[in-house]
Protein chains: 2
Amino acid sequence: MFTFVPLLAHNPNTTIMVLTEKHKELIERIGVFHEHKGMQPLVGRIIGLLLVHEDGEVSFDEIVEQLGVSKSAVSNALTFLQAKDRCVYSTRPGDRKRYFALKLSDWRADFAKELENIAEIQKFIDEVLEVRTEKNQEFNCKMKDFSDFLGFFKKEIPALFERFKRQQA
Amino acid sequence: MFTFVPLLAHNPNTTIMVLTEKHKELIERIGVFHEHKGMQPLVGRIIGLLLVHEDGEVSFDEIVEQLGVSKSAVSNALTFLQAKDRCVYSTRPGDRKRYFALKLSDWRADFAKELENIAEIQKFIDEVLEVRTEKNQEFNCKMKDFSDFLGFFKKEIPALFERFKRQQA
DNA sequence: TATTTGGTTCTCTATTTGCAGAACTAACTG
DNA sequence: CAGTTAGTTCTGCAAATAGAGAACCAAATA
């Protein structure tokens with residue numbers, strides 16, 4: 001008679017990385033940096049942890065332990081990070097845990113998105129120009145100027161990555 | 001006997017601009033755009049109002065009336081905008097009112113600051129690289145790559161403005 | 001079938017935020 | 001000096017946020 005003997009089921013990576021004070025302090029600072037960008041506190045801390053963790057992949061449980069927060073908070077934060085496409089998880093045969101990692105691979109796409117996002121103000125500038133009267137031409141000109149620059153800027157983004165690539169080789 | 005007859009004291013520009021629905025709706029959208037950038041709601045609305053207002057300069061009172069908010073809220077928001085160097089006020093002889101305007105003139109400096117700000121993540125990336133072990137070289141390499149790009153990017157910012165200037169002429 | 005594991009969802013609460021309204025101040029006016 | 005004007009600061013509250021803890025669920029195990 002055969003019994004199913006799971007290879008790893010009783011042997012998940014249960015030892016967790018030891019974080020030094022330096023690690024912890026860096027995680028906090030990365031946390032507040034992201035808070036300033038409008039993210040909720042724990043989300044920023046998790047990004048910090050995933051960055052400094054030597055494995056790059058961190059289990060749900062370990063996040064809970066390392067950051068000393070509740071499972072519910074971690075669950076919500078990870079759902080958010082995945083929705084924003086900043087984070088993915090992988091699994092391992094015979095181990096039901098999920099191991100979360102940053103999608104560091106597409107930093108190019110992410111950064112480009114951020115640039116386009118800040119240039120998004122152009123849309124508003126243009127709408128503003130449409131509703132403005134001719135009364136204050138100086139003001140209008142400066143806005144037109146800014147809008148033109150933003151258009152130029154957006155077009156330049158791909159070239160920027162190109163030049164970086166060439167300059168690297 | 002001479003009496004002091006103030007030229008404008010009883011004649012400040014008391015008629016306020018009429019905002020259409022389109023104006024109001026645009027102000028709201030500009031407001032939420034800035035909220036997403038981490039500003040408090042009223043600050044974004046004021047930016048919107050100063051953008052669409054035909055005069056470019058708007059008195060404290062008119063801000064209160066147009067946006068239908070309290071004086072205290074406006075006072076705090078304007079203090080904030082001035083602290084952030086996004087806004088200035090001017091006065092007129094014989095008129096004690098302050099007329100607030102966006103510092104639209106230095107959009108170049110502002111935009112450059114925003115770009116540098118998003119590249120500030122490099123500082124953290126580098127610190128992270130210093131505390132990371134050699135364990136996950138692939139992860140480390142991607143981070144190094146990203147950091148290199150951010151360094152390159154920062155250096156490119158002035159050139160970007162240069163190219164825009166040339167391309168305009 | 002009962003229990004454990006890994007995680008999600010729901011409910012509740014402490015904290016923070018954003019603003020109103022009142023009290024206040026400082027400069028000017030009658 | 002009493003009143004007005006223009007704006008600031010203080011006090012308090014309603015709403016939003018962030019997270020704890022418990023209840024819950026589904027898959028795997030005993």
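First the proteins, then the strands, lettered A, B, ... as listed; each starts at 1. Nothing here was measured: the structure is a model prediction, and the numbers come from that model. No hydrogens, no waters, no symmetry mates; every other heavy atom, side chains included, goes into these values.
There is no side-chain donor-acceptor pair under 3.5 Å between Gln40(A) and Asn76(A).
Regarding contacts with the backbone of dT5(C), every side-chain N or O of Arg98(A) stays at 4.0 angstrom or more from both OP1 and OP2. OP1 and OP2 of dG7(C) both lie 4.0 Å or more from every side-chain N or O belonging to Lys71(A). Here Gln40(B) does not reach the OP1 or OP2 of dT17(C): none of its side-chain N or O atoms lies under 4.0 Å away.
Spacing between atom CD of Glu35(B) and atom P of dT16(C) amounts to 20 Å, rounded to whole angstrom units. Note: CZ (Phe60(B)) to P (dG7(D)) measures 6 Å, nearest angstrom. Atom CE in Met39(A) sits about 12 Å away from atom P in dA18(D), given to the nearest Å. When rounded to the nearest whole Å, the span between CD of Glu62(B) and C1' of dG7(D) equals 16 Å. Ile46(A) places its CD1 atom 14 Å from the C1' atom of dG7(C), with the value rounded to the nearest Å. The nearest whole Å value for the distance from the NZ atom in Lys97(A) to the P atom in dT4(C) is 16 Å. Atom-to-atom, CZ of Phe80(A) to C1' of dG19(D) comes out at 15 Å; the value is rounded to the nearest Å. The CG-P distance, from Leu78(A) to dT9(C), rounds to 12 Å in whole Å.
Place Gln82(A) and Ser70(B) on DNA chain C by their nearest nucleotides, and Gln82(A) ends up nearer the 5' end. Residues Ser75(B) and Arg96(B) each lie close to DNA chain D; by heavy-atom proximity, the contact nearer the 5' end of the strand is made by Arg96(B).
Under the side-chain hydrogen bond (donor to acceptor under 3.5 Å, both in side chains) rule, Lys154(A) has a single partner from Glu116(A), Gln122(A), Glu120(A), which is Gln122(A). The side-chain hydrogen bond (donor to acceptor under 3.5 Å, both in side chains) test with Arg45(B) is passed by exactly one of His34(B), Glu35(B), Gln66(B): Glu35(B).
Using a 4.0 Å heavy-atom cutoff across all strands shown, Val69(A) reaches sugar-phosphate atoms only and no base atom.
Applying the 3.5 Å distance criterion, the base of dG19(D) shares no donor-acceptor pair with the side chain of Ser72(A).
At a threshold of 4.0 Å, the pair Lys97(A)-Glu57(A) does not count as salt-bridged, since none of the basic side-chain nitrogens sits closer than that to a carboxylate oxygen.
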Please step through side chain to side chain contact (heavy atoms under 4.5 Å, CB included) for the pair Phe161(B) and Phe111(B), ending with a clear verdict.
CA-CA 10 Å; Phe161(B) 288 96; Phe111(B) 193 76; 4.2 Å; yes
